[in-house]
Amino acid sequence: MRLGITIPFDPFNGTHFPELVRTADRCGYTDAWSYESFSTDAFAPIAAAAMLSEKMRFGCAIIPVFTRPAALIAMSAVTVNELAGGRFILGLGISTPNIVENWMGVPFHKPVTQMRETVEALRAIFRGEKVTMAGAKVRINGFRLDAPITHPPKIYIGAQGAKMLRLAGELGDGVIVNFITPETMAPMLDNTRDGMRAAGKEPADLDVVCRIICAVDEDEDVARTLFRRSLTAYVTVPQYNKFFREIGYDKEATTAIDAWNAGDRKKALETIPDEMVEKIFVFGTAEKCRRRLDDYARAGITTTALQFSSFARTPEERRAKVLRAIERLAAV
């Protein structure tokens, strides 16, 4: 299993960013994956990181297909991939209605169609074609990328539900998942491998990237409390709530969102049990965290994008603790 990190995150934004990438590179981490929701964009950190490491593989996990036109996604992806010498993977996802509609002002309609048509357009652009497309969601009239494409970017698809997991197998070069547990991974990946078989691909070649939030050598009681708060914020979002019910947390997810919608935030938080927190997040000693990551590897995860957490009071303390955690985890 490839050991990767998430970039960037607090407290490694701005001028402290190079220290994060260089430390991970020095310790043997193979990957660095960015993300995009409501903080940094996903492309700029990859462009910067590509200048700091000659070995690491980079990826976006994920770029929302609703918030940029396909041609603009292609322009950014090719630019970053050329800077990285072909070491970049374009991760696409549908995001959530809240991010897409409420924050970005874009309608969130027909996500599977949006993904399928976006990938179709991107593949054509990456082949150097002049693209005209009149789809149900994606419309392009005569676009050709005026830049050299030495390395056509690979496309991975972020997926949770059965339809998107199957689509990732059919159309993607890999799949990206998050908030999953090793115990629930197998049936999810069955959908992706079914999609691969339908497209004539070899299921054994599937690369599965998993974003995992972790806290190495942090106080476990503090980690459990703070991760419970974070998890509650996701469980009470309808799209994620549906996902958590599908992977076996029906009672917890239903009770939490009912309490949240009724205005009882305290009850929603208390609904999330320790066991759920401990299965979805990775925390404890470096040795304990490594054993849990081994569970992910046995379940079929081939690449991790670890987002390291520290609960120290000051940014300086958090940076020091995270850098030590990166070193410690790589050494066990």
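Between L165 and Q160 the shortest heavy-atom distance is CD1-O, 3.0 Å. Of all heavy-atom pairs between A42 and S34, the closest is O-OG, 2.7 Å. Among all heavy-atom pairs drawn from T181 and R292, the shortest one is CB-NH2, 4.3 Å. Here the closest non-hydrogen pair linking G91 and I176 is CA-CD1, 3.8 Å. The two residues C214 and L306 make their nearest non-hydrogen contact at SG-CB, 4.1 Å.
Put simply, the side chain of K201 gets close to the backbone of E170: a donor and an acceptor are under 3.5 Å apart.
Between F43 and F88, the ring planes are tilted. Angles from 30° to 60° get that label.
For R229, the CZ atom sits in a loose shell: 12 or fewer heavy atoms of surrounding residues, nucleotides or ligands are nearer than 6.0 Å. By the 6.0 Å contact criterion, CD on E54 is open, its count of non-hydrogen atoms from other residues, nucleotides or ligands being 12 or less. The 12-atom threshold is exceeded at NZ of K137, counting heavy atoms of other residues, nucleotides or ligands nearer than 6.0 Å. Counting non-hydrogen atoms of other residues, nucleotides and ligands closer than 6.0 Å to CG of D205 gives a total above 12.
Side-chain contact annotation: R211 with T6, donor-acceptor N/O pair under 3.5 Å present. Side-chain contact annotation: E317 with S310, donor-acceptor N/O pair under 3.5 Å absent. In this model, no donor atom of one side chain and acceptor atom of the other lie less than 3.5 Å apart for T79 and S76. The closest side-chain donor-acceptor pair between Y156 and D207 falls under 3.5 angstrom. Between the side chains of W33 and D31, at least one donor N or O sits under 3.5 Å from an acceptor N or O.
Remark: V138 pairs with A70, Q114, E117, T118, A121, M133, I140 by the side-chain contact (heavy atoms from CB on, under 4.5 Å) rule, at least two apart or across chains.
Salt-bridge check for D217 with K321: failed, with every basic side-chain N at 4.0 Å or more from each acidic carboxylate O. Under the 4.0 Å criterion applied to side-chain N and carboxylate O atoms, E120 and R116 are not assigned as salt-bridge partners.
For the pair E252 and P273, the minimum side-chain heavy-atom distance is below 4.5 Å.
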message: Between Y234 and F179, is the ring pair (Phe, Tyr, Trp, His ring centres under 6.0 Å) condition met? List the steps.
response: CA-CA 10 Å; Y234 280 93; F179 285 121; 4.6 Å; yes

- request: Go through F227 and F281 one step at a time and tell me if the ring pair (Phe, Tyr, Trp, His ring centres under 6.0 Å) criterion holds.
  value: CA-CA 7 Å; F227 284 154; F281 297 87; 4.4 Å; yes

